[in-house]
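Just so you know, ligand 1 is whichever comes first in the structure, and atom 1 is the first atom listed for that ligand. Numbers for residues simply follow the sequence, beginning at 1.
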Amino acid sequence: MKKAALITGASSGIGAATAIEFSRNGYFIYLMGRNKERLQDVALKCRSGASIVSCDMTDEAALQKRLNEVLNAKIHRVEVLVNNAGIFETHNFTESTDELWKRQMEMNFFVPVRVARAFFPYFKELGGGSIVNVSSTLGLRPTVNTGAYSASKAALINWTQSLALEGGAHNIRVNAVCPGIVDTPIHSFHSLEESAKKQALEKMKPLQPLGRIGTSEDIARTIYFLGSEQSSWTTGAVMAVDGGINLS
Ligand SMILES: NC(=O)c1ccc[n+]([C@@H]2O[C@H](COP(=O)([O-])OP(=O)(O)OC[C@H]3O[C@@H](n4cnc5c(N)ncnc54)[C@H](OP(=O)(O)O)[C@@H]3O)[C@@H](O)[C@H]2O)c1
């Protein structure tokens, strides 16, 4: 059986780059997301083979069904789960609604918990596995107007470490990556017209000691390291990949 990885949020940005990185290293990829057309584009770039697993991950029943299809099929050895799908909404605290807080917690925290819970018995039977949770530097140190998102990503970090404790005895490794500012569609500046975007990027440059914002590939390489056997003795790690923004 071929080794495989399931990447959530694989239709765009960091998830798409991560799928391509694992594929370059010989993994069959299960691509999860909602947008089938974009998932198809990514699948074409995955030279080691890929299958599309599309659903709205906040629909609990649909999510469970799709995960069962992958894990019960036993066509490939799914050794890696990358919990990457997420949403980012800023807000003014006094005007923020319960709905916004619930949306952020649901997608950025409860969905990864549910996916990992579906994988745990599978990994135990397999004799091990690796989970990478994509958090954020905002989960380590929040900024103004990001309370709900930052809290959801902080919860993800804490839970990563508790799951690492639980998984150790079963050879299940659980790690987190905390990206800084990365140029993906999650940010409104991503889709600005060229000169406005250039201006926005210039403004953000000095925030990072390394003098630039990140690319999806910068993050994908670290996710690959933590997900693959390259980091076979690493669990419970929380790795910032942020051009040093967390120090500034
Ligand atoms: N970019 C940054 O600066 C940055 C910084 C720190 C952390 N992060 C984290 O990195 C992760 C990836 O973000 P990105 O920057 O690559 O953003 P992105 O390009 O907007 O990608 C987000 C992905 O999540 C998927 N997704 C969102 N809601 C979903 C739902 N209900 N069901 C299924 N899939 C859903 C999207 O798929 P569909 O569109 O197909 O639904 C998309 O593939 C997120 O967890 C984000 O919080 C990003």
Side-chain angles (χ1 to χ4, degrees), residues 6-21 29-43 50 52-67 81-90 102-115 131-143 146 148-157 159-160 176-191 197 200-201 204 207-208 212-220 222-223 226 238-243 245-246:
L6 185 139
I7 322 275
T8 75
S11 60
S12 174
I14 294 168
T18 302
I20 293 163
E21 183 67 21
I29 312 295
Y30 290 100
L31 301 156
M32 200 165 222
R34 283 171 301 191
N35 187 312
K36 287 186 188 161
E37 210 172 299
R38 280 193 275 114
L39 288 169
Q40 192 58 51
D41 288 344
V42 179
I52 289 167
V53 191
S54 81
C55 75
D56 179 344
M57 297 181 74
T58 61
D59 177 339
E60 279 189 59
L63 176 63
Q64 195 59 54
K65 185 166 177 282
R66 300 315 315 264
L67 290 171
L81 160 65
V82 180
N83 268 322
N84 162 76
I87 53 170
F88 174 61
E89 292 171 280
T90 53
K102 283 179 188 162
R103 259 197 318 273
Q104 288 292 310
M105 290 305 292
E106 177 69 14
M107 191 59 217
N108 296 344
F109 181 65
F110 287 113
V111 163
V113 168
R114 283 181 205 128
V115 179
I131 299 174
V132 183
N133 292 323
V134 180
S135 178
S136 167
T137 47
L138 293 175
L140 297 166
R141 201 179 76 168
T143 56
T146 64
Y149 177 81
S150 298
S152 71
K153 293 296 191 179
L156 194 58
I157 289 170
W159 167 66
T160 294
V177 173
C178 295
I181 307 172
V182 183
D183 186 5
T184 75
I186 211 168
H187 294 293
S188 47
F189 69 75
H190 178 82
S191 1
K197 183 169 175 179
L201 294 186
M204 283 184 272
L207 297 173
Q208 284 93 177
R212 66 170 176 88
I213 68 161
T215 64
S216 294
E217 289 73 23
D218 288 324
I219 311 302
T222 304
I223 296 176
L226 287 175
V238 179
M239 201 172 286
V241 188
D242 63 354
I245 199 170
N246 224 31

Candidate with minimal heavy-atom separation from [atom], of [options]:
| atom | options | answer |
| --- | --- | --- |
| atom 45 (O) of ligand 1 | Ile7, Asn84, Val134 | Asn84 |
| atom 20 (O) of ligand 1 | Ile186, Thr8, Ile213, Thr137 | Ile186 |
| atom 22 (C) of ligand 1 | Gly86, Ala17, Ala85, Gly13 | Gly86 |

Is any N or O atom of [X], backbone or side chain, closer than 3.5 Å to an N or O atom of ligand 1?
| X | answer |
| --- | --- |
| Asn35 | yes |
| Met107 | no |
| Gly180 | yes |
| Gly33 | no |
| Gly15 | no |
| Arg38 | yes |

How many angstroms lie between atom CG of Leu31 and atom CD1 of Ile20, to the nearest 0.5 angstrom?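 Between Leu31 CG and Ile20 CD1, I get 9.0 Å after rounding to 0.5 Å.
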
For ligand 1, which atoms have a heavy atom of [X] less than 4.0 angstrom away?
| X | answer |
| --- | --- |
| Met57 | 30 (C), 31 (N), 32 (N), 33 (C) |
| Gly9 | 23 (C), 24 (O), 25 (C), 42 (C), 43 (O) |
| Cys55 | 32 (N), 33 (C) |
| Tyr149 | 6 (C), 7 (C), 8 (N), 9 (C), 46 (C), 47 (O) |
| Pro185 | 19 (O) |
| Ile181 | 3 (O) |
| Asp56 | 30 (C), 31 (N), 32 (N) |

Which residue supplies the protein heavy atom nearest to atom 43 (O) of ligand 1, what is that atom called, and how far is it?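 For this ligand atom, the closest protein heavy atom is Ser11 OG, 2.8 Å.
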
Nearest non-hydrogen protein atom, atom 15 (O) of ligand 1: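 Residue, atom and distance for the closest contact: Thr184 OG1, 2.5 Å.
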
Measure the distances from the heavy atoms of His187 to every atom of ligand 1 and state whether one is below 4.0 angstrom.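 True for this residue.
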
Given Pro179, which of Val134, Asn84, Asp242, Ile223 fulfils the side chain to side chain contact (heavy atoms under 4.5 Å, CB included) condition?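 Going through the options one by one, the only one that passes is Val134.
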
